[in-house]
Amino acid sequence: MSTTSRGTDLDDLIADVEARNPGEPEFHQAVRDVLAPLGPVLEAHPEYSRARILERLVEPERQVIFRVPWVDDEGDVHVQRAMRVGFNSALGPYKGGMRFHPAVTLGTIKFLGFEQVFKNALTGLAIGGGKGGADFDPKGRSDGEVMRFCQALMSELYRHIGPDQDVPAGDAGVAAREIGFLFGQYKKITGHYAAGVLTGKGTGWGGAQVRTEATGYGLVYFAREMLAARYEDLDGRTVVVSGAGNVSLFAIEKAQELGATVVGCSDSSGALHDPDGLDLDLLKTIKLEERGGLGEYVERRGGEASLDEGATPWGIPCDVALPCATQNELDEKDAERLVKNGTTLVAEGANMPCTDEAIAVFRAADGVAYAPGKASNAGGVAVSAFEMQQNASRAGWSFENTDERLQTTMREIHETCRRTAAEHGLQDDYVAGANIAGFLRVAEAMLAQGVV
Ligand code: GLU
């Protein structure tokens, strides 16, 4: 483990982060992952250590936690906890989604915000890193309940956000419907149509084309680059994704378009295996329109489709695995099963879906390429940044133009990861490449902006 010129060992810093942020294991994990490959970089740049860049990076610039009381359809009052963490603004306004999920804690939001700093840096765009969320469970809630909750949340959040300050968007549990309610309340309170205050808006009123598809499409574009680096492509390959939300559905769509057969996905009911290839229209109807479960897919699809209740989809043999559900959903045993079944490419669509142990299995296996989410799922936030550009100039780009730019961005992130890894003597190491490249861009900006 390397030592900085101020005598701070990376292990000491990680221990310090753990002690100062008790009960936040996911945040510790995210910090460990980013810091692990930085030893040689810090040795080459003693100025970073003198300026305490790392110590500043692991401490959010600001954290706001607030109460959100709201009334359900029966007239019962509920109290939720919401938060917004502005992690780093060296490269631009805080940028990152809002997550609504009953398990959300400050530790969850801090891990996501920390990841977001480096992901956003990798896009090459002018966005800092932030994240927010609430322990609200949207499952089974009516549109009216979701609207009242979003309005109650924005009644406090509005004072902390703005197009040049902090720009929230969606994440798990927050999509176009929620962004619409949040935007409406922001506009109502402030009296300003500040389109650039939120991204992921409807395409008819300031939202970017391709934003809905961007994370899933971008993931598959990134996987395509990984395959191309070893003279392969997606045509004829079998793919398994996890999840059945926004990221997964559009990853399935793009993978199918590029000639792959997607044979599995999952939701909270279990793992769906459809050896003939998923019927995406049926899946979209059930998941997006009816907000139903995968059991309904099996009933309506017939054939050989089956649901393994409560299981993860990682036992289904595939060439390419795309974990798109949630953090730490793929563990060491899952990784071993995938490798044993011949998987040669794993690219993360969710944030931190593979445990550290699972990543170690992929990295140790011969011929397996593994990409961390901060590189492979950056397409969503990249198109959010495109949305900010369009809002600032009151312009609207076509679907084709935006999709073209998304493809270019993913190609550039891929190149940046590979080049950076190679420069540090680590061929084909996407983990080191992504973390080092993201870190260098943020560190340079922080250094230039002084001790703030
Ligand atoms: N929640 C997404 C992510 O994890 C997108 C955030 C955004 O568009 O601001 O990157």
Side-chain angles (χ1 to χ4, degrees), residues 26 30 84-89 91-101 104 108-134 157 161-163 165-176 178-179 182-183 195-203 206-219 222 243 245-248 250-251 323-327 329 347-353 371-391 402 405-406 409-410 413 434 438:
E26 293 157 335
R84 184 78 189 162
V85 175
F87 227 107
N88 194 291
S89 63
L91 297 175
Y94 306 123
K95 183 79 199 85
M98 294 289 291
R99 176 175 291 191
F100 292 173
H101 190 279
V104 160
T108 320
I109 300 305
K110 280 168 68 181
F111 116 65
L112 290 163
F114 189 71
E115 284 280 297
Q116 200 82 44
V117 172
F118 304 95
K119 179 195 313 199
N120 295 3
L122 274 176
T123 66
L125 299 161
I127 39 179
K131 203 89 187 189
L157 186 64
I161 61 176
Q165 191 183 8
D166 185 357
V167 184
D171 195 81
V174 178
E178 290 74 19
I179 294 296
L182 291 166
F183 186 76
V197 72
L198 291 167
T199 61
K201 299 180 293 296
T203 49
Q209 298 285 346
V210 200
R211 178 62 193 87
T212 308
E213 297 85 353
T215 311
Y217 278 18
L219 170 65
F222 195 93
N246 201 49
V247 180
S248 318
F250 292 102
C324 298
T326 194
Q327 64 269 18
E329 55 158 306
E348 296 182 339
N351 293 310
M352 216 166 74
K374 61 172 73 70
S376 50
N377 76 27
V381 79
V383 175
S384 275
F386 297 162
E387 187 166 323
M388 291 163 69
Q389 291 178 20
Q390 291 168 76
N391 293 151
T402 314
R405 291 182 195 235
L406 171 61
T409 302
M410 299 315 294
I413 295 173

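Order of appearance sets the numbers: ligands from 1, and atoms from 1 within every ligand.
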J.: Taking side chain as C-beta onward, heavy atoms only, is T199 less than 4.5 Å from K95?
T.: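 In short, these two side chains touch, coming nearer than 4.5 Å.
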J.: State, yes or no, whether a side-chain contact exists between E213 and V210 at a heavy-atom distance under 4.5 Å.
T.: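 A side-chain contact under 4.5 Å exists here.
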J.: Verify whether one side chain among K131 and T108 offers a donor that lies under 3.5 Å from an acceptor in the other.
T.: no
J.: Out of all atoms in ligand 1, which are within 4.0 Å of some heavy atom of K131? Include the element for each.
T.: 1 (N), 3 (C), 4 (O)
J.: Less than 4.5 Å apart, side chain to side chain, heavy atoms only: is that true for L219 and C324?
T.: yes
J.: How about L125 and N120: do any of their side-chain heavy atoms sit closer than 4.5 Å?
T.: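 No, too far: nothing below the 4.5 Å cut-off.
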J.: With heavy-atom distances below 4.0 Å as the criterion, list the atoms of ligand 1 near A169.
T.: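 The list of qualifying atoms is 7 (C), 8 (O), 9 (O).
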J.: List every atom of ligand 1 that sits less than 4.0 Å from any heavy atom of D171, numbering the atoms from 1 in the order shown and giving each element.
T.: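 Matching atoms, with element in brackets: 1 (N), 2 (C), 4 (O).
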J.: List the closest protein heavy-atom neighbour of atom 5 (C) of ligand 1: residue, atom name, distance to the nearest 0.1 Å.
T.: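 Looking at atom 5 (C) of ligand 1, the protein heavy atom closest to it is R211 NH2, 3.3 Å.
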J.: Can you list everything that forms a side-chain contact (heavy atoms from CB on, under 4.5 Å) with N246? Sequence neighbours excluded, please.
T.: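 N246 satisfies side-chain contact (heavy atoms from CB on, under 4.5 Å) with T212, F250 only.
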J.: Look at ligand 1 and say whether A172 reaches it with a heavy atom at a distance under 4.0 Å.
T.: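 Outside the 4.0 Å threshold, so no.
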J.: Starting from atom 8 (O) of ligand 1, find the nearest protein heavy-atom neighbour and note its residue, name and distance.
T.: S384 OG, 2.6 Å
J.: At what distance is the nearest protein heavy atom to atom 9 (O) of ligand 1, and which residue and atom is it?
T.: K95 NZ, 2.7 Å
J.: Report yes if some heavy atom in the side chain of L198 is under 4.5 Å from a heavy atom in the side chain of L182; otherwise report no.
T.: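 Touching, per the 4.5 Å side-chain cut-off.
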J.: What is the minimum heavy-atom distance between E348 and S376, and which atoms define it?
T.: O-OG, 2.7 Å
J.: Give a yes/no on ligand 1: does Q116 have at least one heavy atom closer than 4.0 angstrom to it?
T.: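 Within the 4.0 Å threshold, so yes.
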J.: N/O to N/O below 3.5 Å, does that happen between T199 and ligand 1?
T.: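 No, since none of the N or O atoms of T199 sits under 3.5 Å from an N or O of ligand 1.
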J.: Counting only heavy atoms, which portion of R99 has something under 4.0 Å from ligand 1: side chain, backbone, both, or neither?
T.: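 None of R99 does.
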J.: So is V167 polar-close to ligand 1, meaning N/O to N/O under 3.5 Å?
T.: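 By distance alone, the answer is no.
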J.: Where is the nearest protein heavy atom to atom 6 (C) of ligand 1: which residue, which atom, and how far?
T.: G97 N, 3.5 Å
J.: Mind listing the closest non-hydrogen atom pair of A195 and N391 along with its distance?
T.: O-OD1, 3.5 Å
J.: Is K119 close enough to touch ligand 1? Criterion: a residue heavy atom under 4.0 Å from a ligand atom.
T.: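 K119: in contact with ligand 1 (<4.0 Å).
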